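Below you'll find the structure, written out as structure tokens, and then a few comments.
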Amino acid sequence: LYDNDEVSATSSVGADIGAPGIGIYTTVGERSYGYLHQTSIAAAFVSGAAALIFSRRPELSPKEARQLILRNADAVSSRKEPP
């Protein structure tokens, strides 16, 4: 996703949740920073959300954590659908 919730042309289709992956300022190489434009970076955001949930509610099943994430995510009207 772009920062305006627009789905990138390179995004996976049919995903239930998305996260920013375009224009992410992060570490690049060993000693520098820069912007990355890779949708795979979004996985770190979603994984981080799951980790925070499990840190507060370790008794939840993975399915329950997924449902919690989906219930609290913003809807994006430009979601890509599988062909």
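Just the heavy atoms: all of them, side chains too, but no hydrogens, waters or symmetry mates, feed the values below. Treat the numbers as computed from the prediction; the structure is a model and nothing was measured.
Here the CG atom belonging to L60 is positioned 4.5 Å from the CZ atom belonging to R57, to the nearest 0.5 angstrom. Between the CD atom in Q67 and the CD1 atom in I69 there is a gap of 11.0 Å [rounded to 0.5 Å].
Listed here is the closest heavy atom pair of F54 and A65: CZ-CB, 3.5 Å. Across E59 and E64, no two heavy atoms sit closer than the pair O-OE1, 4.2 Å.
Hydrophobic clustering (side-chain heavy atoms under 4.5 Å, transitive across Ile, Leu, Val, Met, Phe, Trp, Tyr) keeps L36 apart from Y33.
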Under 3.5 Å donor-acceptor pairs involving side-chain atoms of residues 19-28, not counting sequence neighbours:
none

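The backbone N or O of L52 sits less than 3.5 Å from a side-chain atom of S55, completing a donor-acceptor pair.
Residues satisfying the salt bridge (Lys or Arg N to Asp or Glu O under 4.0 Å) test with E30, not counting sequence neighbours, are none.
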